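We're numbering straight along the sequence, starting at 1. Read the numbers this way: they start at 1 and go in the same order the structure lists the ligands and their atoms. Bear in mind that the values here come from a model prediction, so they are computed numbers and not experimental data.
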Amino acid sequence: MLDAVVVGSGPNGLAAAVTLARAGLSVTVLEAEATVGGGCRTLAPGDDGDLLAGLPAGVVHDVCSAVHPMAWASPFFRAFDLPAHGVELRTPDVSYAQPLPGGRAAVAWRDLDRTADGLGPDATAWRTLLGPLAQEWEAVVAVGLSDRRSVPPGVLDGRRPVRGTTAALRFGLGLLEQGTRAWGARFVGDAAPALLTGVAAHTITTLPSLAGAGTSLLLGALAHASPAAHHPFDGGWPVPRGGSGAIVAALRADLEAHGGTVVTRHPVRTRADLPAARAVLFDTTPRTLLAVLGDAVAPGLRGALSRFRHGDAAAKVDYVLSGPVPWAEPLVGRAGTVHVGGTREQMAAAEAAVGSGRHAERPVCLVSDPTVVDDTRRAATPRGERRPLWTYTHVPAGSDLDVTETVTAQIERYAPGFRDVVVASRCVPGDAMEQHNANYVGGDIAAGAATMWQLVARPTLRADPYRVGAGGVYLCSASTPPGPGVHGMGGWHAARRALREVFGVRVAPL
Ligand SMILES: Cc1cc2nc3c(=O)[nH]c(=O)nc-3n(C[C@H](O)[C@H](O)[C@H](O)COP(=O)(O)OP(=O)(O)OC[C@H]3O[C@@H](n4cnc5c(N)ncnc54)[C@H](O)[C@@H]3O)c2cc1C
């Protein structure tokens, strides 16, 4: 009998597997798809299931996550030590940018003061909102990536408890301000609020929302954070050299080095698909767990898990370009991430349309050009240069619309001439996201609506969000706290509980 089986090889599943294997347990990861990594996969054109034609051989592209502030900041990944495992995170000077009407743009530099200086009348508003959070980023991360059930280490019991607690309080106050109708109170111009709203929109909720505010403050702080001198990364919003799959490859290699195994093309649909094991950790949605082991779950919890709600969707459009995006404001071209959607009001209107089940005419689009910091992502061909451009946009849950023209037109609005550099494109509509990752129900890339309630009571309002009844069964995916993102924290929190409760290991490795 195995010690542990992990169902699903996303970053949370692999984080759980690595934590268990490093404790000396026998661990097998079962993955439904042909490739490992879930929402953190990098493919080359022609890979199984990948249809992005037009990229030259050797140029890879990310099919889900692309930009990784949480990978350098997460307590799990800091303990795991990505650089020691060969992962190079490349940080652009501009963490993210927000093109604005009239050829203008707001730009979030790594440097907070340089950012504030570019925001005219809102320089002080930006400095006072994000400066203290960027300074105390470790406390902000401890709160933002916690299990939502205990006081996070680094806040009360950290090295600087008073500063940590003050930062946590500031974060809470910022949440109440930016997550409610008071969100405009501190701003005078349109650039700073638009810049912040582009980040809030990552949650795919109507805005303002507490969840959106939490996301904008956490990721906004990391954009300007400068880790201590002993920290191997530069902070900011980095892109892994060679694609997000580098993170997955590092986790998988570590797992295998500690005796663990990964089996691909092994969907777990029923109990019979699971080998005998003392603990089973599901890097899946509650829905999948219930389909496989529902009869073993107490009726009350079964009912609560079956009420877990999925949110609106993302539809992806990936491009092959013959050169850089011709942004009207050239500074935007220095950003690793661009939020395309205009002003705060325009983005709120677009998110409101999606929230009410309609396709926005001018939706919020997330755009990442990895070549800004990673030269391996482009190549010269006899027909000229070729490089991928990664984008996705927000659509109603279950949407089957091909949004290529909508996204192209939206980028063209802020980058006239964009169409001229597009060589090829490929859309994965919202409802098709689920075909390559069962966790993305109806295109919900957060594996559960990212409302404030569901980010706290994730997946249900119980003292332990990971343990699912007796028998060593745990949920460890983005459907558990802290929620979506490549941080491995759901897996780490769940695996440490399993170690303690099933195997009597009180001091977890890492
Ligand atoms: C388009 C897109 C863009 C994103 N951009 C970013 C970004 O830039 N930065 C960031 O930090 N995050 C981003 N995210 C979010 C991030 O990718 C996810 O939150 C993260 O991958 C969640 O990790 P996970 O381990 O919980 O689940 P996943 O990564 O979703 O992995 C779950 C795995 O379980 C497998 N599985 C599911 N059911 C079964 C079953 N029954 N049997 C066997 N295997 C099963 C799936 O195939 C999958 O491999 C993005 C996501 C998407 C889709």
Side-chain angles (χ1 to χ4, degrees), residues 5-17 29-41 49 62-74 77 96 145 202-204 215 218-219 222 237-240 243-244 247-248 251 262-270 273-274 280-293 313-318 336-337 366-368 370 390-394 428 430 432-441 443-448 450 458 475-492 494:
V5 167
V6 178
V7 180
S9 68
N12 281 314
L14 291 175
V29 178
L30 304 176
E31 167 56 50
E33 301 299 320
T35 46
V36 175
C40 198
R41 283 175 298 153
D62 292 325
V63 285
C64 293
S65 58
V67 183
H68 293 285
M70 287 189 273
W72 72 257
S74 129
F77 277 122
Y96 58 98
L145 299 187
H202 284 229
T203 46
I204 321 186
T215 302
L218 171 64
L219 297 181
L222 293 180
W237 284 24
V239 170
S244 300
I247 296 173
V248 165
L251 289 168
V262 182
V263 183
T264 53
R265 300 182 200 268
H266 188 114
V268 174
R269 297 196 182 96
T270 70
D273 298 322
L274 285 172
V280 187
L281 288 85
F282 282 80
D283 182 23
T284 70
T285 60
R287 188 180 292 195
T288 300
L289 186 147
L290 290 178
V292 178
L293 288 183
K316 245 192 141 316
V317 182
D318 290 313
T337 305
L366 283 81
V367 177
S368 174
W390 173 103
T391 83
Y392 70 86
T393 190
H394 300 165
V428 181
M433 299 295 283
E434 204 175 332
Q435 285 163 18
H436 67 84
N437 187 337
N439 286 18
Y440 301 149
V441 177
D444 167 19
I445 64 170
R458 199 171 184 86
L475 200 57
C476 71
S477 68
S479 304
T480 63
V486 175
H487 42 60
M489 292 299 290
W492 201 36

**Student:** Is Leu366 close to Trp390 at the side-chain level, that is, under 4.5 Å between some pair of heavy atoms?
**Tutor:** yes
**Student:** Do Phe77 and Trp72 make the cut of ring centroids closer than 6.0 angstrom?
**Tutor:** no
**Student:** Where does the angle between the aromatic ring planes of Tyr392 and His394 fall among parallel (under 30°), tilted (30 to 60°) and perpendicular (over 60°)?
**Tutor:**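 Rings of Tyr392 and His394: tilted, as their planes differ by 30° to 60°.
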**Student:** Which of these passes side chain to side chain contact (heavy atoms under 4.5 Å, CB included) with Val5: Val263, Leu30, Asp273?
**Tutor:** Leu30
**Student:** Between ligand 1 and the protein, which N/O pairs fall short of 3.5 Å?
**Tutor:**
residue  : atom   : partner : partner atom : Å
ligand 1 : 8 (O)  : Ala66   : N            : 3.1
ligand 1 : 8 (O)  : Val67   : N            : 3.2
ligand 1 : 8 (O)  : Val67   : O            : 3.3
ligand 1 : 9 (N)  : Val67   : O            : 2.8
ligand 1 : 11 (O) : Val486  : N            : 2.9
ligand 1 : 17 (O) : Gly39   : O            : 3.0
ligand 1 : 19 (O) : Gly485  : N            : 2.8
ligand 1 : 25 (O) : Pro11   : N            : 3.2
ligand 1 : 25 (O) : Asn12   : N            : 2.8
ligand 1 : 25 (O) : Asp283  : OD1          : 2.9
ligand 1 : 25 (O) : Asp283  : OD2          : 2.9
ligand 1 : 26 (O) : Asn12   : ND2          : 2.8
ligand 1 : 26 (O) : Asp283  : OD1          : 3.1
ligand 1 : 26 (O) : Ala478  : N            : 2.8
ligand 1 : 29 (O) : Gly39   : N            : 2.7
ligand 1 : 30 (O) : Asn437  : ND2          : 2.8
ligand 1 : 30 (O) : Tyr440  : OH           : 3.1
ligand 1 : 34 (O) : Asp283  : O            : 3.4
ligand 1 : 41 (N) : Val268  : O            : 2.9
ligand 1 : 42 (N) : Val268  : N            : 2.9
ligand 1 : 44 (N) : Ala32   : N            : 3.1
ligand 1 : 47 (O) : Glu31   : OE2          : 2.7
ligand 1 : 49 (O) : Glu31   : OE1          : 2.6
ligand 1 : 49 (O) : Glu31   : OE2          : 3.1
ligand 1 : 49 (O) : Gly38   : N            : 3.3

**Student:** Main chain of Val317, side chain of Thr391: is a donor-acceptor contact present, judged purely on distance under 3.5 Å?
**Tutor:**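 Indeed, once roles are kept as given, a pair shorter than 3.5 Å links the two residues.
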**Student:** Can a side-chain donor-acceptor contact be found between Arg458 and Thr480 if the only test is distance below 3.5 angstrom?
**Tutor:**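 Side-chain D/A pair, Thr480 to Arg458: absent.
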